[in-house]
Amino acid sequence: MSTMRAVFITEQGGIDALQYRTDLPIPQPSPDAVLIKNRFIGVNYIDTYHRSGLYPVSLPFTLGKEGSGDVVEVGSNVKDFSVGDRVVYLGGGGSYAEYTTVPESGVEKLTDDSITYELGASIGIQALTAWTMVRDGYAVKKGDTVLVHAAAGGVGLLLCQMAHHLGATVIGTVSTDEKAQLARANGADHTIVYSRENTVERVNEITNGLGCHAVLDGVGKDTFQDSLAVTRRLGTLISFGNASGAVPPISISCLAPKNIKLMRPQLFAYLAEREESQKWWGEVFDLLKRKVIHLHVHKVYDLKDAKQAHIDIESRKTTGKLLIKL
Ligand code: NDP
C-alpha cells in the first residue's frame, strides 16, 4: 500500500481549515529518520495554534506533534532503532496520519510492556512539559505553594499530581465545579473557580497575603496579570501557553517590585540534545511506573474526527488527555 489517511491544512484558519484525506502518499524517511506506523496520536493545544495561525507553519502542514506506534522503516544513518521497535515520539512530519517520519533524535523506545501505546502517546508533550517546569523552571520543594492555572487540563492535571508529589500545597484554577473536583482528586489542595471567583483575593486568603512560590500559567492573555499579582516576593512566574490568547507585550519593570523571575519555556528547547531528552523521558517513564502520575484520558477519537477534537479542546469542555486511535 502506498497511500495513507492524514489530516492536514493548506491554509491556517478555523476548524474548517482541517482537511481529511485517504489518498496521501506515505512519506519516506530521510537518512536520519525513521518511519513510524502510528497506533495512538496525542492531541495538544499547540495543534490548534498550528491550525489557527497563532504559531506559523510551512504549508501544506500535517497536524500533530506526538504519537506512538511501530518503526516500519529506518533511514540509512539510523543506528539506535530497528524495524519492529515499539516507540513514542515528539516532533516529526505530522502525527495526525497513519504514518509519520521522525528524526531519530525525537524517538524513544517503549521497552517496558507496562507502558502501552495509549499511555506512550499520552505522556509525551504534556508530562514532559509539566515535569521540566517543576524540576527546572522552578524546582518545586516541600512547603512551597504552587498555583496551577487550567488545573483540570492535560498539562494541568499532571502539574497538580507532580507538584503534590514534590510536597507543595497546590492551588488549581478551573472554570467549573466539575473540573475543580477533578483537580482536587489529582493533587490540588485548593481550587478556585475563576469563572466566578476572584483569583487574587482567593490566593491571598489561602496564603495569608504572601502569594505563591511558583505560578504555572498556560492560559496566557486572560490570566497573566493575576498571575503576576499572586506570585510572591522572590517567586517564579512561568508563562507556558496561550489557551486564551497570547500574552501582550509587557514592560520588564513589572517584575521589579517583588524581584519576580519570569520564564517562558518551550518543551523542545529542553530536548535539543539526545542525553537531555533521554534523561527527561526516563524520569517521566519512572514517574509513571511508580504511579506518581496517572493519566486521565478525556476521549479517544477517530482520525476522521480530528475536527471534533479541536472543537472540544477549544470549547473548554475537555479534561486531561485527548487521543486519536488508528
Ligand atoms: P488543556 O487541556 O489545558 O486545555 C486548555 C485549557 O485552558 C482549557 O481546558 C481551559 O480550562 C483553559 N482555558 C482558559 N481560557 C481558555 C480559553 N479562552 N479558551 C480555551 N481554553 C481556555 O490543553 P493542554 O494541556 O494541551 O495545554 C495547556 C497549555 O499548555 C496550553 O496553553 C498549551 O499551549 C501549553 N503548552 C505549552 C508547552 C510548551 O512547551 N510551552 C507544551 C505543551 C503545552 P478551564 O476551562 O478550566 O479554564
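This is a predicted model, so every value here is computed, not measured. Indexing begins at 1, ligand by ligand and atom by atom, following the structure's order.
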Undergrad: Might you point out which heavy atoms bring V34 and F81 nearest each other, and give the distance in Å?
TA: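 Of all heavy-atom pairs spanning V34 and F81, the closest is CG1-CB, 4.1 Å.
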Undergrad: Should you measure from each heavy atom of Q126, which atoms of ligand 1 turn up under 4.0 Å away?
TA: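 Here the atoms of ligand 1 in question are 24 (P), 25 (O), 26 (O).
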Undergrad: Between Q161 (side chain only) and N186 (backbone N and O only), is there a donor and an acceptor less than 3.5 Å apart?
TA: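 Looks like no, no N/O pair under 3.5 Å.
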Undergrad: Answer with side chain, backbone, both or neither: which part of L267 has a heavy atom less than 4.0 angstrom from an atom of ligand 1?
TA: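 The answer is both, backbone and side chain.
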Undergrad: Check ligand 1 against K179 and write out every atom of the ligand that is under 4.0 Å from a heavy-atom position of the residue.
TA: 9 (O), 11 (O), 45 (P), 46 (O), 47 (O)
Undergrad: Side chain, backbone, both or neither: which part of P265 has a heavy atom under 4.0 Å from ligand 1?
TA: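 Under 4.0 Å from ligand 1, P265 contributes backbone atoms alone.
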Undergrad: Rounded at 0.5 Å granularity, tell me how far CE in M133 sits from CE in M263.
TA: 9.0 Å
Undergrad: For ligand 1, is there an atom lying under 4.0 Å from some heavy atom of F268?
TA: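 F268 does not count as a contact of ligand 1 under the 4.0 Å cut-off.
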Undergrad: Which residue and atom name correspond to the protein heavy atom nearest atom 2 (O) of ligand 1, and how close is it?
TA: G154 N, 2.9 Å
Undergrad: Spell out, as yes or no, whether a donor-acceptor pair under 3.5 Å connects the side chain of R202 to the backbone of I192.
TA: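 Here the side-chain-to-backbone pair does not exist.
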Undergrad: Report yes or no: does D85 contribute a side-chain atom to a donor-acceptor pair with the main-chain N or O of S82 at less than 3.5 Å?
TA: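 Yes; at least one donor-acceptor contact below 3.5 Å.
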Undergrad: Quick check on contacts: which atoms of ligand 1 are under 4.0 angstrom from a heavy atom of R264?
TA: 41 (N)
Undergrad: Identify each donor-acceptor pair in which a side-chain atom of residues 71-78 lies under 3.5 Å from a protein atom, sequence neighbours left out, and give them as a table.
TA:
{"from": "N77", "atom 1": "ND2", "to": "D32", "atom 2": "OD1", "distance (Å)": "3.1"}

Undergrad: For atom 42 (C) of ligand 1, what's the nearest protein heavy atom and its distance?
TA: T129 OG1, 3.1 Å
Undergrad: Atom 3 (O) of ligand 1: which of S315, G153, G137 has the nearest heavy atom?
TA: G153
Undergrad: R316 to ligand 1: N or O pair under 3.5 Å?
TA: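 Between R316 and ligand 1, an N or O pair is found under 3.5 Å apart.
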Undergrad: Please check whether S244 reaches ligand 1 - meaning an N/O of the residue sits under 3.5 Å from an N/O of the ligand, judged on distance alone.
TA: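 Between S244 and ligand 1 (N or O atoms, distance only) the closest approach is not under 3.5 Å.
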Undergrad: Could you tell me, atom by atom, which parts of ligand 1 come under 4.0 Å of a heavy atom of Y194?
TA: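 Numbered from 1, ligand 1 contributes 14 (C), 45 (P), 47 (O), 48 (O).
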Undergrad: Quick check for you: to the nearest 0.5 Å, what is the distance between S244 atom OG and D217 atom CG?
TA: 7.5 Å
Undergrad: Near Q266, which atoms of ligand 1 are under 4.0 Å from a heavy atom of that residue?
TA: 40 (O), 41 (N)
Undergrad: Using a 4.0 Å cutoff against the non-hydrogen atoms of Y49, which atoms of ligand 1 qualify?
TA: 31 (C), 32 (O), 33 (C), 34 (O)
Undergrad: So K289 and D112, salt bridge (Lys or Arg N to Asp or Glu O under 4.0 Å) or not? Walk me through it.
TA: CA-CA 9 Å; K289 279 186 247 168; D112 186 324; 3.7 Å; yes
Undergrad: Verify the neighbour count for atom CG of L234: are there more than 12 heavy atoms of other residues, nucleotides or ligands below 6.0 Å?
TA: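 Enclosed: over 12 neighbouring heavy atoms sit under 6.0 Å from CG of L234.
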Undergrad: Among S175, A246, A243, which one puts a heavy atom closest to atom 45 (P) of ligand 1?
TA: S175
Undergrad: Evaluate the ring planes of H165 and W131, with Trp represented by its six-membered ring, and classify them as parallel (under 30°), tilted (30 to 60°) or perpendicular (over 60°).
TA: tilted
Undergrad: Under a 4.0 Å heavy-atom limit, does E314 contact ligand 1 with its side chain, its backbone, both, or neither?
TA: backbone
Undergrad: Between Y89 and N38, do the side chains contain an N or O donor and an N or O acceptor separated by less than 3.5 Å?
TA: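 Y89 vs N38: donor-acceptor pair found between side chains.
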Undergrad: Please report whether ligand 1 has a polar contact with Y45, defined as an N or O pair separated by less than 3.5 Å (distance criterion only).
TA: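 Yes.
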Undergrad: Answer side chain, backbone, both or neither: which part of I125 comes under 4.0 Å from ligand 1, heavy atoms only.
TA: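 The side chain, only.
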Undergrad: Relative to ligand 1, is E178 under 4.0 angstrom through side chain, backbone, both or neither, heavy atoms considered?
TA: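 Within the 4.0 Å criterion, E178 makes no contact with ligand 1.
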Undergrad: Under 4.0 Å from a heavy atom of V219: which atoms of ligand 1 are those, numbered in the order shown and with their elements?
TA: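 Within the 4.0 Å cut-off of V219, ligand 1 contributes 14 (C), 15 (N).
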Undergrad: Does the N or O separation between G218 and ligand 1 drop below 3.5 Å for any pair?
TA: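 Right, the criterion is met.
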Undergrad: Report the part of V155 (side chain from C-beta onward, or backbone N, CA, C, O) that has a heavy atom under 4.0 Å from ligand 1; answer both or neither where that applies.
TA: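 Both backbone and side chain.
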Undergrad: Among all protein non-hydrogen atoms, which one is nearest to atom 37 (C) of ligand 1, and what is the separation to 0.1 Å?
TA: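 Here the closest protein heavy atom is F240 O, 2.9 Å.
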Undergrad: Mind checking the CG-NZ spacing from L237 to K258? Nearest 0.5 Å is all I need.
TA: 9.5 Å
Undergrad: With heavy-atom distances below 4.0 Å as the criterion, list the atoms of ligand 1 near A150.
TA: 6 (C), 7 (O), 11 (O), 12 (C)
Undergrad: Going by atom types only, do Q19 and T10 share a side-chain donor-acceptor pair under 3.5 Å?
TA: yes
Undergrad: Can you sort out the partners of E314 under salt bridge (charged side-chain N to carboxylate O under 4.0 Å, His left out), two or more places apart, ordered by chain and number?
TA: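 Partners of E314 by the salt bridge (charged side-chain N to carboxylate O under 4.0 Å, His left out) criterion, ordered by chain and then number, come out as R51.
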